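Down below is the structure, laid out as structure tokens.
By convention in this document, chain letters (A, B, ...) are assigned in the order of the sequence lines, proteins followed by strands, and residues within each chain are numbered from 1. Keep in mind that this is a model prediction, so the values were computed, not measured.
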Amino acid sequence: MEHTSANPTGPLHVGRARNPIIGDTIARILKKAGYDVSTEYYADDMGKQAAILTWAVETLKDIREPENTKEDHRLVGYYQAANRHMEEDERVKEEIEDLLYRCEHGDAGALQKIKDTCQRSLQGILETMERLNIGYDRITWESDFVLNGDVSAVVDMLKSSRYAVEEDGAYYLNLEEFAGEFKIHGRSARVFFQRNDGTSLYPTRDMAYHLDKINRCDIALNILGEDHKLQSKQVVIGLSIILNERARAEKNGWCFEKGCIEPIFYSFVTLPEGKMSTRSGRVVFIDDLLDEAKIRALDEVRKRRTDISEGEMDDIAELVGTGAVRYNIIRVQADKKMVFRWEDALNFEGGSAPFVQYSHARAKSILRKAGYASLDSEVDYKHLSSLLKDEAEIALIKELNRFPDVIRDCTNGRKAHPLASYAQSVASAFNQFYRYVPVLRGNGEERAARLVLVDATAIVLAGILDTLGIVAPERM
RNA sequence: GGGCUCGUGGCUUAGUCAGGAUAUAGCACUGGCCUUCUAAGCCAGUGGUCAGGGGUUCGAAUCCCCUCGGGCCCGCCA
């Protein structure tokens with residue numbers, strides 16, 4: 001599962017938040033379904049953006065770095081300034097192009113410089129991800145494929161194919177032959193893979209990377225913005241040419257003998273006033289959203305708890321705030337556009353993570369008060385379950401039973417949002433049960449039976465939340 | 001110009017792939033419920049020609065065709 005893969009040139013904004021959250025959640029779902037999943041971040045340290053940032057860090061000395069912040073926020077000012085310099089001065093552009101040229105031709109010093117800068121920025125991004133409970137099994141650097149010769153091998157194979165066309169010293173593939181099955185026509189069917197100065201282009205390096213990926217797994221999942229739809233097809237066709245094997249279309253993607261490539265696309269997140277843009281300042285950074293969510297959550301905790309320490313309130317606020325952010329993003333079907341609104345992102349009521357977390361905390365609270373430990377082999381559960389006859393009990397049991405079906409549905413369709421809906425259904429069913437069926441005041445076997453149901457609910461809610469990458473609190 | 005995608009109450013959204021009975025929730029709004037296991041909760045109510053039109057079908061939000069509207073892509077950027 002490849003996800004996030006944002007250029008490490010600055011902090012991630014909310015417009016990019018869908019990628020890691022969808023990727024991480026689907027990875028968790030697939031693990032739940034029994035797949036062996038490995039996640040990775042494909043970091044671009046070869047492209048123009050990376051070169052621009054590196055040039056700026058080396059050259060510009062008058063940038064005021066913000067203090068008390070993460071590396072990604074410290075560096076973004078350089079990136080913004082470099083873009084302005086580039087527009088005003090042709091020589092800047094040339095210097096950056098020269099840096100790229102040296103990288104592409106294996107200049108170890110130049111490559112190392114860019115990688116160092118990107119690594120600093122990536123460090124900040126990874127910290128944000130960690131806060132969202134998102135980690136990576138592997139970071140794959142784009143430059144590795146230049147250094148190990150994979151990119152030039154891809155270029156050679158493409159050049160020697162009958163699809164290659166030369167134009168003013170540059171090369172592109174004519175993909176018209178694939179037009180029918182891939183629905184690419186006209187200009188879309190021309191994809192350049194080498195510049196006239198001999199350097200490679202992004203699709204070329206992406207082909208090398210995908211070749212590497214399908215040698216390492218059976219299914220290569222890839223979370224991409226909808227702007228990458230055409231590019232994704234071009235990579236698959238490129239691989240068809242290189243492997244001399246037509247990719248066959250399957251439900252979730254394309255397959256070769258070696259393995260499948262399955263892109264998962266999502267639409268962009270915009271602000272009510274339009275598209276986010278770091279340069280214009282019309283942007284909400286994920287870090288700021290998480291901070292604000294925590295502040296809001298802390299207010300709510302203070303309103304209702306006076307019996308716990310500041311430290312515990314802070315912990316609860318953090319897990320409620322980050323949970324709310326993850327839930328708000330994962331609840332919407334990936335291919336529907338999203339408009340970011342603070343009021344939705346910070347909603348802690350119905351249709352939110354805190355609603356589900358609260359139900360879990362309530363269940364745990366009952367179990368604590370009852371001194372309930374865990375399942376006991378001495379107990380006749382079949383008999384106990386026959387005592388659960390109340391409408392609310394039956395409805396809750398039926399709801400809990402759906403968990404495997406929901407995981408299966410999400411797995412088959414490579415989607416995560418049904419799990420968010422399911423979380424609401426379970427929490428809602430439990431809240432109704434909670435309101436109408438007394439557990440602790442029940443007598444004898446009835447009480448025992450209800451405690452088991454509460455325990456089952458807590459287990460399912462914790463399972464759902466864990467799969468959503470959200471913490472299930474013992475108390476709130 | 002070509003291709004992809006979305007369009008469900010005031011707002012957000014499920015259901016669309018595998019067509020079935022009064023279309024799912026949430027937010028907002030109105031009115032109730034804390035001497036009961038945490039009210040981040042529960043109950044009741046208002047609100048929808050499922051973008052529009054045509055077709056297939058005993059039956060369409062769902063399948064097919066057309067139209068309209070939003071988004072995205074078609075670069076020797078990534």
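Rounded to whole Å, the separation between the P atoms of B/G69 and B/C29 comes to 35 Å. Distance check on atom P: B/C11 versus B/U57 gives 36 Å, rounded to whole Å. Comparing B/G70 with B/G26, their P atoms sit 32 Å apart, to the nearest whole Å. One C1' atom belongs to B/G31, the other to B/U24, and the distance between them is 24 Å to the nearest Å.
Nearest nucleotide to the A/Q333 side chain, out of B/C77, B/A14, B/C37: B/A14. Out of B/U8, B/U5, B/G75, the shortest distance to the side chain of A/K336 is found at B/U8. Comparing B/C72, B/C37, B/C17 by their closest approach to the side chain of A/K415 singles out B/C17. The side chain of A/R205 lies closest to B/A78, out of B/A18, B/A78, B/G7.
When heavy atoms are screened at a 4.0 angstrom cut-off, A/E349 is found touching the sugar-phosphate backbone but no base atom. Within the nucleic acid shown, A/E167 comes within 4.0 Å of at least one base atom, counting heavy atoms only. Using a 4.0 Å heavy-atom cutoff across all strands shown, A/F355 reaches sugar-phosphate atoms only and no base atom. No engagement by A/D344 is indicated, since no non-hydrogen atom pair under 4.0 Å with the nucleic acid exists. A/V437 comes within 4.0 angstrom of a nucleotide base, judged by non-hydrogen atoms across all strands. When heavy atoms are screened at a 4.0 angstrom cut-off, A/V454 is found touching no nucleic acid atom at all. Contact annotation for A/Y436: backbone-only contact, meaning every heavy-atom pair under 4.0 Å involves sugar-phosphate atoms and none involves a base. Looking at heavy-atom distances under 4.0 Å, A/S267 makes no contact with the nucleic acid at all. Using a 4.0 Å heavy-atom distance criterion, A/R331 is classed as a sugar-phosphate-only contact. No engagement by A/A189 is indicated, since no non-hydrogen atom pair under 4.0 Å with the nucleic acid exists. Within the nucleic acid shown, A/F265 has no heavy atom closer than 4.0 Å to any nucleic acid atom. Base engagement by A/V320 is indicated by at least one non-hydrogen atom pair under 4.0 Å involving a base atom. Within 4.0 Å (heavy atoms only), A/D197 reaches no atom of the nucleic acid at all. As judged by a 4.0 angstrom heavy-atom cut-off over every strand, A/R368 is placed among residues making no nucleic acid contact.
As a whole-Å value, the separation of A/H185 NE2 from B/G2 P is 11 Å. Rounded to an integer number of Å, the gap from CG of A/D405 to C1' of B/G15 is 16 Å. B/A39 atom P lies 12 Å from atom CE of A/M476, rounded to whole Å. In this structure, A/Q432 atom CD and B/A25 atom P are separated by 10 Å, rounded to whole Å.
Between the side chains of A/Q49 and A/D44, no donor-acceptor pair is found at a separation under 3.5 Å. No hydrogens or angles considered: a donor-acceptor pair under 3.5 Å links the side chains of A/Q333 and A/D335.
B/C34 shows a glycosidic angle within 90° of 0 and is accordingly assigned syn.
Across all strands shown, B/U16 remains unpaired; no Watson-Crick or G-U wobble contact has both distances below 3.5 Å. With a 3.5 Å ceiling on both atom-pair distances, the Watson-Crick or G-U wobble partner of B/C4 is B/G71. Look at B/G45: its Watson-Crick or wobble partner, with both distances under 3.5 angstrom, is B/C29.
Checked against the 6.0 Å centroid threshold, A/H360 and A/F430 do not count as a close aromatic pair.
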| field | A/Y163 and A/F178: CA distance, side-chain angles, deciding distance, ring-ring contact (aromatic ring centres under 6.0 Å, His included) verdict | value | CA-CA 11 Å; A/Y163 305 95; A/F178 298 84; 5.4 Å; yes
| Residues A/D315, A/R475; criterion salt bridge (Lys or Arg N to Asp or Glu O under 4.0 Å); working and verdict | CA-CA 11 Å; A/D315 290 345; A/R475 47 193 110 220; over 6 Å; no
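Salt-bridge formation is detected for the pair A/R91/A/D89: a Lys NZ or Arg NE/NH1/NH2 atom is positioned less than 4.0 Å from an Asp or Glu carboxylate oxygen.
Between A/I366 and A/G350, the residue whose closest nucleotide on RNA chain B is further toward the 5' end is A/G350. If A/G351 and A/R362 are placed on RNA chain B by their nearest nucleotide, the residue sitting closer to the 5' end is A/G351.
No more than 12 heavy-atom neighbours from other residues, nucleotides or ligands sit within 6.0 angstrom of CD on A/E391.
Contact annotation: A/K233 side-chain N/O to B/C74 OP1/OP2 distance is not under 4.0 Å. Between A/K337 and B/G70, a side-chain N or O to OP1/OP2 separation shorter than 4.0 Å is absent.
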